[in-house]
Amino acid sequence: MFKPALAFVICICSSISFSQRDKFEQLYDEFATPNVYRNAAGAPGPQYYQQQANYIIQVTLDDAKQQVHGTETVTYINNSPDPLSYLWLQLDQNIQDPNSDRNLTETGDIESMASPYALSYTINSMNFDGGFKLMEITDVAGIKLPYTIVGTMMRIDLAKPLLNGDSFSFKIKWWYNINNRMEIGGRSGYEYFKEEDNYLYTIAQFFPRMCVYNDVEGWQNKQFLGSGEFTLPFGDYDVQITVPKDHIVAATGELQNPTKVLTKEQQERWKKALLSEEPVLIVTEDEARAAEKKKSTETQTWHFKATNVRDFAFASSRKFMWDAQVVKQSTKNVMAMSYYPKEGNPLWEKYSTRVVAQTLKTYSKHTFDYPYPVAISVHASSIGMEYPMICFNGGRPDADGTYNERTKYGMMSVIIHEVGHNYFPMIINSDERQWTWMDEGLNTFLQYLTEQEWQRDYPSRRGPAHLIVDYMNGTNTYQNPIMTNSEQIVQFGNNAYGKPATALNILRETILGRELFDFAFKTYAQRWMFKHPTPEDFFRTMEDASSIDLDWFWRGWFYTTDYVDISMNSVKWYRLDTHDPLVERQYEKTIYDDENKNISDTRNKQDIKRTENEKNPSLNDEYNTVDVFAVSEQDKKAYEKFLSELSEEDKKLLNEGYQFYQIDFQNKGGLVMPLILEFKFTDGTTELMRIPAEVWRYDNYNISKIFIFKKEVLSVSLDPFLETADCEVENNFWPRKAVPSRFDIFEEKNSWDGKW
Amino acid sequence: MNKTKLFLLVVILGSSFLSFGHNYFVSIASMEYDSASMKINTSLKVTAHDFEHMLEMKFNLRIHIETVSDSSEIGQYMQTYLKENFILSSGGIQAEMNYLGKEVTLRDELFFYFSFSNIRNPRTVQIKNQLLFTHFAQQQNIVNYKYGDRTKSVTLVSATPEAEIKID
């Protein structure tokens with residue numbers, strides 16, 4: 001129980017201390033100025049442009065030497081207003097070179113060499129002859145072109161500048177050694193299966209690719225150091241992949257020659273799959289097991305075409321089985337497919353393709369219908385890596401075919417996540433080299449929504465506010481703001497995935513509400529579909545489409561490492577002074593009676609039988625005989641006078657029984673957030689109040705606010721639904737309540753259960 | 001030179017290549033001083049997969065931590081590993097770690113529960129947390145220490161595995 005602090009009139013202490021509006025300052029200084037390419041609403045401007053790069057590629061996978069050999073003809077179209085005197089290409093395969101900047105700038109002390117695993121990893125990487133071996137760079141007529149290699153990039157100098165609207169074609173011939181992913185890591189590479197001497201290849205970054213040239217960066221000029229992934233222009237691909245005849249190939253795009261590479265039976269199964277909303281096996285486990293027992297010396301060429309994609313990747317192995325189902329959308333049917341070795345079963349045949357289908361459904365609902373013909377999940381041990389229409393995903397049962405629950409959810413989550421990357425950044429083509437959060441954060445957010453639609457109470461790792469709390473908590477100086485370049489983020493997972501995903505979820509659940517958020521998010525997705533958005537385009541669109549200024553939110557969540565800790569420091573109860581002496585004197589007496597009394601006073605009442613003036617009342621005068629709580633004639637007159645001066649409205653107000661509560665809030669963590677308050681009343685009812693974050697706009701750190709009810713408050717809790725990522729919850733209750741820590745709960749449980 | 005063998009190499013473990021899943025390499029210790037028992041109660045969250053990797057390298061077995069009991073050989077090793085790699089001192093005296101138990105969640109989180117006793121001065125503690133540093137070059141160990149209503153945080157990395165937390 002808490003008691004009224006004062007029986008006296010309302011004191012409205014609005015807390016205008018001094019100007020501390022910095023957390024609500026607009027982001028004009030941080031944001032790029034809107035222009036003809038990107039407008040102030042966050043949409044592409046009237047002169048928005050983007051470049052195009054089309055590729056014709058012939059590539060051969062050498063299974064005996066684990067090499068890729070390729071030739072490509074690149075046609076680059078300059079849609080920019082600027083004349084280009086040189087072209088830049090990405091040679092991202094070059095990070096596998098032992099002398100790459102990625103390797104040279106890697107830091108670590110000797111401790112990190114202590115395990116045999118780390119040691120062999122290091123030695124193997126050091127001795128691996130990785131990186132592109134460029135054989136020939138010519139124009140289409142076969143004339144050599146001058147070029148310069150700078151780390152993971154290459155400049156080709158043009159004889160004359162490429163003007164707006166013009167295109168330039170050139171040819172490159174190259175090869176490289178494929179890395180053993182299991183020994184030295186890598187987004188692509190191979191896994192070797194020793195028992196049967198077989199390889200499973202997941203091949204990407206396998207050809208020199210055009211850099212992006214745009215209105216924000218000019219030519220992309222950031223070397224690949226291993227974390228900031230790719231930034232690539234859209235284009236059309238025509239790719240012929242030559243592999244051992246017994247291999248099955250999965251790739252970006254549509255297969256052009258199924259009659260050449262599939263058996264009649266497999267073609268029939270494919271036709272069946274086109275109509276089936278359940279997965280249909282096109283290559284069966286028996287066929288895959290038969291294939292992996294012998295090695296064909298012949299080769300065969302798989303031909304794929306893909307339109308309007310930013311990249312191309314493929315997987316190849318004689319170990320693959322393959323299943324597919326159709327996903328029907330109003331604009332287009334899509335084939336959801338999976339390729340996996342027997343080692344992936346029983347998990348993969350049961351879940352992979354179905355999870356791909358669910359991903360397309362949830363993501364499309366929040367963005368646009370999936371525009372590509374296929375969405376593929378390939379099983380590759382230990383990783384998760386995304387490319388247009390195809391991704392490589394881990395999640396492998398034990399050798400005996402059993403799997404634990406964590407493996408199952410890990411596998412499903414990675415598939416949702418990597419398939420989800422088709423939307424961010426493959427179609428909504430943000431610059432990954434600059435801003436990891438723009439694809440990983442947005443994608444992790446939709447991953448969470450997908451997981452929850454797949455299974456109720458799915459154990460999602462990121463998204464809900466309370467899951468980020470232990471990371472954001474405290475005075476940690478070793479954190480980056482979300483708006484940090486991809487190559488220098490510490491705590492990649494929490495910072496580029498978890499925190500932005502949580503921020504979006506908070507925007508959706510708490511700041512904007514689901515309807516407003518979903519509309520704005522979808523607007524962003526549709527505006528930037530098949531285009532190159534920047535962070536400002538996202539921030540501005542979310543505000544423009546919701547009519548809510550979110551600069552304070554972006555500033556706090558994306559530009560600082562502040563955290564949320566809002567404390568309810570005190571609750572004070574006031575009521576109106578009725579001036580009625582009968583009421584007020586009685587009230588004062590109640591207060592007096594309720595107060596704690598000094599122990600000597602109490603004991604003296606017992607021990608001192610009679611005081612001197614009690615023995616001899618003549619010693620009294622009017623000072624020590626008056627009842628301080630009695631109502632005098634004077635009091636009554638004063639009250640009558642008071643009443644006579646009140647209007648009828650005033651009198652009514654006085655008798656309504658209003659209760660006033662002043663709550664003092666303190667912002668301890670730095671992030672301003674809405675106040676979500678749940679009041680419980682003595683009559684058993686509750687009331688929820690949602691107060692926008694702008695309540696902090698005059699004072700970012702300390703505010704008081706008055707709440708008026710006609711009933712008495714029993715308790716108040718702040719953030720009762722754990723939606724604001726408040727790091728310290730003990731100060732969210734009034735009266736204060738001890739909140740058991742995870743340790744306390746475990747200790748309690750285990751003092752009875754015993755250990756396991 | 002106090003080491004007999006040194007492998008002086010430039011190239012260390014590559015970055016995490018995972019767009020998803022294995023991009024944590026972080027542990028978070030939530031520590032709180034309990035004035036009644038004069039202990040620092042700790043729950044330590046680490047990626048279960050990463051910890052399993054360390055154990056798999058040590059024991060050359062596929063390990064699912066859910067099935068490892070505290071009394072088994074691997075379970076005992078885990079406790080020793082914690083005691084050797086997570087050290088709290090105060091006033092020049094190393095506090096005693098009392099292991100309570102562990103828990104694994106479907107979010108791939110492994111929680112260890114332990115408390116420290118014999119703490120000279122709970123307002124100033126030195127914490128050394130080298131958990132998994134020898135296995136993952138990018139491993140970072142965050143420590144949140146709460147004393148009264150104050151929480152202070154430090155992040156420990158391989159190069160600086162130790163820090164002092166002082167509550168003024």
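Naming convention: chains lettered A, B, ... in sequence-line order (proteins, then strands); numbering from 1 in each chain. As the structure is a computational prediction, the values presented were derived from the model and not from experiment.
The one candidate from Ile415(A), Val355(A), Ile416(A) that meets the side chain to side chain contact (heavy atoms under 4.5 Å, CB included) condition with Thr450(A) is Ile416(A).
Annotation for Asn127(A): atom CG counts as buried by contact number, over 12 foreign heavy atoms lying within 6.0 Å.
With sequence neighbours left out, Asp101(A) forms a salt bridge (charged side-chain N to carboxylate O under 4.0 Å, His left out) with no residue at all. Partners of Phe51(B) according to the ring-ring contact (aromatic ring centres under 6.0 Å, His included) rule, which considers only residues two or more places apart in sequence or in another chain, are Tyr81(B), Phe112(B). Here His64(B) pairs with Asp398(A), Asn404(A) under the side chain to side chain donor-acceptor pair (under 3.5 Å) rule; sequence neighbours left out.
Here the side chains of Glu229(A) and Glu440(A) are in contact, with some heavy-atom distance below 4.5 Å.
Side-chain atoms of Arg102(A) never come within 3.5 Å of backbone atoms of Gly226(A) as a donor-acceptor pair (strictly under, hydrogens ignored).
The part of Ile28(B) that comes within reach of chain A is its side chain, from C-beta onward, which places non-hydrogen atoms under 4.5 angstrom from that chain. Residue contact with chain A, scored on non-hydrogen atoms closer than 4.5 Å, involves the backbone and the side chain of Thr105(B) alike. Residue Lys408(A) does not touch chain B at all, counting heavy-atom pairs closer than 4.5 Å. Heavy atoms of Lys45(B) lying under 4.5 Å from chain A belong exclusively to its side chain. Using a 4.5 Å cut-off between heavy atoms, Tyr409(A) contacts chain B through its side chain alone, with no backbone atom that close. Only the backbone of Ser460(A) comes within contact range of chain B, with at least one heavy atom under 4.5 Å from a heavy atom of that chain.
With chain A as the partner, the residue from Gln140(B), Arg150(B), Arg107(B) showing the most heavy-atom pairs under 4.5 Å is Arg107(B). Chosen from Leu467(A), Asn731(A), Asp744(A), the residue pairing most often with chain B at heavy-atom distances under 4.5 Å is Leu467(A). Across Glu728(A), Lys668(A), Arg406(A), the residue that shares the most heavy-atom pairs under 4.5 angstrom with chain B is Arg406(A).
Residues of residues 113-125 of chain B lying under 4.5 angstrom from chain A, judged on non-hydrogen atoms, are Tyr113(B), Phe114(B), Ser115(B) in numerical order.
For the pair Arg462(A) and Tyr448(A), the cation-pi test (distance below 6.0 Å, angle within 45°) is failed.
In this model, no donor atom of one side chain and acceptor atom of the other lie less than 3.5 Å apart for Asn180(A) and Asn124(A).
Nearest heavy-atom pair across Ala204(A) and Ala313(A) is CB-CB, 3.9 Å.
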